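Ligands are counted one by one from 1 in listed order, and the atoms in each one are counted from 1 as well. All figures in this text were calculated on a predicted structure; none of them were measured in a lab.
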Amino acid sequence: MSDRRKFLKNSAIGLTGLAAGSVALEELIHSSGKKNPKKFPLVLSTWNFGLKANEEAWKILSAGGRAIDAVEQGVRLVEADPDERSVGYGGRPDRDGRVTLDACIMDENMNIGSVACLEHIKHPISVARAVMEKTPHVMLVGDGALQFALEKGFQKENLLTEASEKEWKEWLKTAKYQPVVNIENHDTIGMVAMDTSGNLSGACTTSGMAFKMHGRVGDSPIIGAGLYVDNEVGAVTATGHGEEVIRIAGCHLVVELMRQGMSPEKACKTAVERVCRKQKHRINEVQVGFIAISSKGEYGAYCIHPGFNYAVRTNERNSLIESKSIL
Ligand code: SD4
């Protein structure tokens with residue numbers, strides 16, 4: 001056979017193989033993430049301020065809007081509230097008296113954006129979204145994040161309220177960094193949602209652990225730790241001691257456990273058990289909680305210590321649920 005004929009024959013085989021491959025790819029795309037339409041839409045948020053955040057997100061979800069818009073608007077409500085003392089405006093400062101914010105966002109197409117140690121901007125979640133949509137990067141930190149936010153028209157503001165400043169000054173008298181489970185560190189808002197198209201998105205925003213070292217970054221802006229979304233599998237977000245969530249790549253782990261067939265609750269529980277096993281010598285000091293939605297519209301949560309709750313908004317109701325705990 002001439003070289004040319006051999007080439008043509010091989011090319012034909014190659015093309016057939018490619019066509020078969022395309023069919024397989026098509027099937028893969030269309031078989032992934034089978035949804036249960038009865039359960040849409042759905043939104044879950046951490047802690048009791050999740051109730052009002054869910055209602056804000058619901059305005060978008062119930063009108064047929066996208067999950068990514070719903071989670072952004074939902075958590076913005078909490079960021080703007082000075083009485084919520086571990087998120088956005090009014091958040092507790094670091095040990096130097098500076099309010100530094102962490103946030104990230106992820107949509108159904110694996111688009112991600114994140115900011116860490118961002119100062120002076122009330123809505124870090126929207127800066128994270130701008131990083132996602134308007135830059136070739138996925139994460140900006142510190143001064144660079146602030147510079148980007150200002151360039152995009154975000155306003156520079158003082159985020160340290162009188163109440164938070166007073167508390168910080170009180171703390172300076174002993175200056176002991178000793179986070180207490182469910183206290184001082186319990187206000188991160190993480191939100192995951194499914195929209196009427198069955199698409200998933202998530203957002204997470206916080207001022208982090210009160211009186212942390214300046215420059216400390218927790219799990220909340222780290223994709224895979226404080227938040228993870230895979231539209232074929234589920235969406236997960238975390239709260240609690242960020243160092244421990246990062247150590248086990250928490251939310252990514254929960255998504256992978258769901259991919260293997262676990263329910264959202266079982267997957268959250270298994271991840272929390274891993275923290276407990278690795279940190280058994282200091283488990284009294286450590287709180288971690290996960291909330292999760294599967295692509296089928298099931299949901300669940302789990303934490304280490306009792307006291308963590310989360311808000312669930314369905315077509316029927318918006319309710320606060322006490323998470324099951326290991327201890
Ligand atoms: C952090 N995970 O910065 C956050 C704090 C938190 O509930 O979630 N508190 O480590």
Side-chain angles (χ1 to χ4, degrees), residues 44-50 53 71 75 78-79 81 83-88 90-95 98-105 114-119 124-125 128 139 141-142 145 159 164 167 177-192 202-228 236-254 268 271-272 275 279 282 285-292 301-311 320 322-323 325:
L44 262 66
S45 310
T46 54
W47 304 106
N48 51 11
F49 49 43
V71 294
V75 303
V78 181
E79 285 182 336
D81 187 341
D83 295 330
E84 306 300 359
R85 309 284 301 288
S86 266
V87 182
R92 293 186 181 87
D94 65 17
R95 68 180 189 185
R98 296 162 74 161
V99 181
T100 66
L101 306 176
D102 295 340
C104 74
I105 193 158
S114 159
V115 288
C117 206
L118 172 65
E119 293 180 80
I125 198 65
M139 187 170 197
V141 304
L159 303 182
S164 282
E167 218 179 293
Y177 181 74
Q178 238 170 12
V180 184
V181 165
N182 294 340
I183 299 174
E184 243 181 36
N185 57 327
H186 73 292
D187 299 60
T188 290
I189 182 148
M191 177 181 272
V192 284
C204 188
T205 176
T206 189
S207 53
M209 304 299 270
F211 318 128
K212 60 195 175 183
M213 290 172 70
H214 180 64
R216 180 265 187 190
V217 172
D219 60 317
S220 305
I222 313 273
I223 296 289
L227 179 74
Y228 201 67
V236 183
T237 189
T239 184
H241 292 85
E243 283 76 4
E244 306 318 320
V245 179
I246 294 172
R247 227 182 288 283
I248 62 157
C251 290
H252 185 261
L253 173 63
V254 176
C268 292
V272 163
V275 177
Q279 301 301 323
R282 50 187 287 268
E285 302 157 27
V286 175
Q287 172 68 310
V288 166
F290 295 104
I291 59 173
Y302 229 89
C303 62
I304 300 177
H305 293 270
F308 166 52
N309 49 27
Y310 62 105
L320 195 65
E322 281 304 311
S323 167
S325 60

From CA spacing to verdict: side-chain contact (heavy atoms from CB on, under 4.5 Å), Q279, E243: CA-CA 11 Å; Q279 301 301 323; E243 283 76 4; over 6 Å; no
Test side-chain contact (heavy atoms from CB on, under 4.5 Å) applied to F308 and I291, step by step: CA-CA 10 Å; F308 166 52; I291 59 173; 3.8 Å; yes
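Residues forming a side-chain contact (heavy atoms from CB on, under 4.5 Å) with S164 (at least two apart in sequence, or on another chain): R85, R92, P93, L160, T161. Taking Y310 as the reference, nothing meets the ring-ring contact (aromatic ring centres under 6.0 Å, His included) condition, with sequence neighbours excluded.
Ligand-side atoms of ligand 1 in range of T188: 4 (C), 5 (C), 6 (C), 7 (O), 8 (O), 9 (N), range being under 4.0 angstrom from any heavy atom. Numbered from 1 in the order shown, with element, the atoms of ligand 1 that lie under 4.0 Å from a heavy atom of M209 read 3 (O), 5 (C), 10 (O). Close contacts between ligand 1 and G208 involve ligand atoms 3 (O) [criterion: under 4.0 Å to a heavy atom]. Remark: ligand 1 atoms within the under-4.0 Å shell around heavy atoms of S220 are 2 (N), 4 (C). Atom numbering of ligand 1 starts at 1 in the shown order; those under 4.0 Å from a heavy atom of T239 are 6 (C), 7 (O), 8 (O), 9 (N).
In terms of N/O distances under 3.5 Å, ligand 1 is not approached by G218. Remark: ligand 1 and D219 share an N or O pair separated by less than 3.5 Å (distance only, no angle test). For E243, no nitrogen or oxygen atom sits less than 3.5 Å from a nitrogen or oxygen atom of ligand 1, counting backbone and side chain alike.
Smallest separation of non-hydrogen atoms from C117 and D102: N-OD1, 2.9 Å.
A heavy-atom distance below 4.5 Å is found between the side chains of I125 and I105.
Atoms OG and CD1, from S323 and I304 in turn, are 10.5 Å apart once rounded to the nearest 0.5 Å.
With atom 1 (C) of ligand 1 as the reference point, the heavy atom nearest to it among R216, K212, E244 is part of R216.
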